[in-house]
Peer 1: 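The structure is given below, and queries will be raised subsequently.
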Amino acid sequence: RYATAADRREDIGRHRRGLPVEARPYTLAYRTSRFVARHRAAVAGTAAAVLLLFATVGWYTVRLTEERNRARQEADQSAAVTRYYTTVFEEISPLRVRLSSAREPTVGELLDVAVEQAAVLEPYPAAHARVLTNLALNFRTRGEHERAVPLLKEALEREVSASNGAVSDQIIQNLSGLGTTLAALGRYAEAEDYFREAVAWSRTYPEFNPFAVAYALNNLAKHLTRMGRYGEAAPVLAEATEVYTQAVGEQHQYRAIALANHARALWGAGRLALADSMLRRSVADKWAAFPEGDPSIAEDHVTLAELPRLEGDRHAALALVDSAISTQRAILNEDVKPLARSLALRGLLLVEAGETEEGIREVMSGDSIFRAAAEPGHPLAYETTLWLGRAYSFAGRDAEASAAFQQATTQAEANLPDGHPDRSLPHLELGMHELSRGRPAAAEEPLRRALRAVDATVHEDTCRVARD
């Protein structure tokens, strides 16, 4: 109740202005509600600012906690890796005692110790995976591929676990490494599965990763090429070239190398003119990318020399091979196999041009260097020996030609997988050599083997090339 009409009128005015009225209890909640009603925008802005402040503080608190936990985990992981290597080195002394002081432990024995101790890293999947991968690479370098396979498989499992199933460069590299190792063991179907799985993984990056995709595609294509499946390798390499082109443009070393690999696949599939044109573009791009020269340019020149040689233009072929040799000698690359191959081909061209003695010396030199430098199972180990046989045959040195061709057949059968069209070449060369010397009986068996090798070439494009 109001004492006077004026008091009532005053309270109505206060209500209209959003002020507390005398008719209501003057509590804190009531006064606050009237204040908020009068200053809605200011209160809303202040509340939003306060909420944002608390949210920011909370977010930074969570981030700092995560960073602290990550740093602690990385420190624990580093300490575990340090303890692992310390333990490995501590084990060397007892190992030396067991072996007696007569000799030092071998690299193989030290690797065995390292594998045994790797279990201490199991709580740290990423570190464990990298140590296992490094051990596997050591075994692979020593030619112990069987020992490398289980280590690489365990490393892959650990890497997937560490990334919670998300794609990573390390996973793709491990898959490709498994493929390479299995191929070296002759387990080609298993190897292909891993190469294809690497390609599939490479396509799952949240944002397209052209270098990972092209890396996986190149490894798959290399495997298909090694199998003699050039027709299948060509579209894979075409995609890799396109991926690089989109990522880095046309005149870039990665794109040029992919283009050269594509050209070689087309060459193997018998599409010589297109391969020659594509390889010439690759060489031009490589010179732009490597003004000082690059070993792959020299290898491309050797490949380019094959077409004029087949067409009988030995002068053009010899000029390309001489350019390759000059580039290789200028670069002084540690890998002498490309230079050895160039020397052998140059010698063959000289023999075919009538410079027999000098040519044979160069072929012999190139063949000797290549076979000494080539690792076991190298797919081209037979090639320079085959060229030596051709040089001997052209020079009329029949017994030496037959021996070289026979050695090339042994190398090809040992190093090339079943179904590879090139397995037929040394047998065919030996058979044709015997026929040209009027010895059909001696020619029959190698020619039968050549035919069997062609019949084992199950892919249509390579079968056509092999039969030709």
Side-chain angles (χ1 to χ4, degrees), residues 225 228 230 260-284 295-329 337-367 369-370 379-397 401 404-405 408 412 421-422 424-433 436 450 462 464-468:
T225 301
Y230 303 110
N261 291 335
H262 186 193
R264 288 193 179 90
L266 291 171
W267 184 279
R271 300 169 65 182
L272 306 187
L274 178 58
D276 184 81
S277 171
M278 189 176 291
L279 197 55
R280 289 182 185 278
R281 291 207 311 272
S282 170
V283 169
S296 65
I297 296 175
E299 293 178 41
D300 292 343
H301 280 166
V302 173
T303 304
L304 285 169
E306 284 291 327
L307 186 58
R309 177 177 170 272
L310 291 173
E311 294 174 343
D313 189 351
R314 294 189 181 90
H315 178 75
L318 197 56
L320 284 163
V321 173
D322 284 341
S323 173
I325 292 172
S326 297
T327 302
Q328 287 159 339
R329 283 177 170 159
K337 294 191 294 296
L339 176 60
R341 189 166 174 262
S342 301
L343 290 171
L345 181 57
R346 185 179 191 279
L348 179 58
L349 289 167
L350 289 175
V351 170
E352 291 173 348
E355 299 179 44
T356 306
E357 293 305 317
E358 181 184 351
I360 286 179
R361 280 197 301 272
E362 287 212 21
V363 181
M364 290 177 67
S365 173
D367 180 50
I369 295 171
F370 192 99
L380 291 179
Y382 77 95
E383 188 178 46
T384 53
T385 307
L386 186 68
W387 291 344
L388 181 59
R390 288 177 183 170
Y392 282 140
S393 180
F394 200 91
R397 295 164 63 167
F405 286 136
D422 289 354
S424 67
L425 293 180
H427 293 297
L428 183 60
E429 293 273 1
L430 177 57
M432 295 303 293
H433 170 73
S436 69
T462 51
R464 172 179 52 78
V465 175
R467 286 189 180 277
D468 288 347

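Side chains included, hydrogens not; waters and symmetry mates left out as well; all remaining heavy atoms used.
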Peer 1: Show the numbers, then the answer: is there a side-chain contact (heavy atoms from CB on, under 4.5 Å) between Arg341 and Trp387?
Peer 2: CA-CA 10 Å; Arg341 189 166 174 262; Trp387 291 344; 3.8 Å; yes
Peer 1: State whether the side chain of Ser277 and the backbone N or O of Ala273 hold a donor-acceptor pair below 3.5 Å, judged by distance alone.
Peer 2: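 Side chain of Ser277 to backbone of Ala273, a donor-acceptor pair under 3.5 Å: no, none is there.
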Peer 1: Which atom names give the shortest non-hydrogen contact between Pro308 and Ala316, and what distance separates them?
Peer 2: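 Closest heavy-atom pair between Pro308 and Ala316: CB-CB, 4.0 Å.
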Peer 1: Do side-chain atoms of Thr327 reach the backbone of Ser323 as a donor and acceptor pair under 3.5 angstrom?
Peer 2: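 Yes, because the side chain of Thr327 sits within donor-acceptor range (under 3.5 Å) of the backbone of Ser323.
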Peer 1: Test your reading of the model: is there a side-chain donor-acceptor pair from Gln328 to the backbone of Pro338, 3.5 Å cut-off?
Peer 2: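 Checked: pair present.
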Peer 1: I'd like to know if the side chain of Thr303 and the backbone of Glu299 have a donor-acceptor N/O pair within less than 3.5 Å.
Peer 2: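 Judged by distance alone, yes, a pair lies under 3.5 Å.
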Peer 1: Rounded to the nearest 0.5 Å, how far apart are CD of Glu355 and CG of Leu350?
Peer 2: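 Interatomic distance, Glu355 CD to Leu350 CG, rounded to 0.5 Å: 5.0 Å.
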Peer 1: Please round to the nearest 0.5 Å and tell me the distance separating atom CG of Asp276 and atom CG of Leu307.
Peer 2: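 Spacing of CG (Asp276) from CG (Leu307) equals 5.0 Å.
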Peer 1: Using 0.5 Å steps for rounding, measure from the CG atom of Leu386 to the CZ atom of Arg390.
Peer 2: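 Output value for this atom pair is 4.5 Å.
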Peer 1: Run the salt bridge (Lys or Arg N to Asp or Glu O under 4.0 Å) check on Glu352 and Arg309 step by step: do they pass?
Peer 2: CA-CA 10 Å; Glu352 291 173 348; Arg309 177 177 170 272; 3.0 Å; yes
Peer 1: Hey, could you give me the CG/CD1 distance between Leu343 and Ile325, rounded to the nearest 0.5 Å?
Peer 2: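 Going from CG on Leu343 over to CD1 on Ile325, the span is 4.5 Å.
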Peer 1: What heavy-atom pair brings Phe370 and Lys337 nearest, and what distance separates the two atoms?
Peer 2: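 Shortest heavy-atom separation between Phe370 and Lys337 comes out as CD1-O, 3.4 Å.
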Peer 1: Report the C-alpha separation of Val321 and Leu349 in whole Å, then their side-chain angles, then the decisive distance to 0.1 Å, and conclude whether the side-chain contact (heavy atoms from CB on, under 4.5 Å) test is met.
Peer 2: CA-CA 9 Å; Val321 173; Leu349 289 167; 3.9 Å; yes
Peer 1: Minimum heavy-atom separation for Ser342 to Val302, with atom names?
Peer 2: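 Closest approach of Ser342 to Val302, heavy atoms only: OG-CG2, 3.1 Å.
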Peer 1: Which distance, rounded to the nearest 0.5 Å, do you find between the CH2 of Trp267 and the CG of Leu274?
Peer 2: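 So the CH2 of Trp267 and the CG of Leu274 are separated by 11.5 Å.
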Peer 1: Looking only at non-hydrogen atoms, find the nearest pair between Ile360 and Ala395 and report the distance.
Peer 2: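 So the two residues come closest at CD1-CB, 3.7 Å.
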Peer 1: Considering non-hydrogen atoms only, spot the tightest contact between Ala412 and Pro426 and give its length.
Peer 2: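 It is CB-CG, 3.8 Å.
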Peer 1: Is atom CE of Met278 surrounded by more than 12 heavy atoms (other residues, nucleotides or ligands) closer than 6.0 Å?
Peer 2: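 For Met278, atom CE is crowded (more than 12 foreign heavy atoms under 6.0 Å).
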Peer 1: If I take atom CE from residue Met432 and atom CG from residue Leu430, how far apart are they, to the nearest 0.5 angstrom?
Peer 2: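 With rounding to 0.5 Å, CE (Met432) is 11.5 Å from CG (Leu430).
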Peer 1: May I have the step-by-step check of salt bridge (Lys or Arg N to Asp or Glu O under 4.0 Å) for Asp300 and Arg264, ending in yes or no?
Peer 2: CA-CA 9 Å; Asp300 292 343; Arg264 288 193 179 90; 2.4 Å; yes
Peer 1: Is Asp367 reaching over with its side chain to a backbone N or O of Thr385, donor-acceptor style, under 3.5 angstrom?
Peer 2: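 It does hold such a pair.
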Peer 1: What's the shortest heavy-atom distance between Leu348 and Val363, and which atoms?
Peer 2: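 Where Leu348 meets Val363 most closely, the heavy atoms are N-CG2, 3.2 Å.
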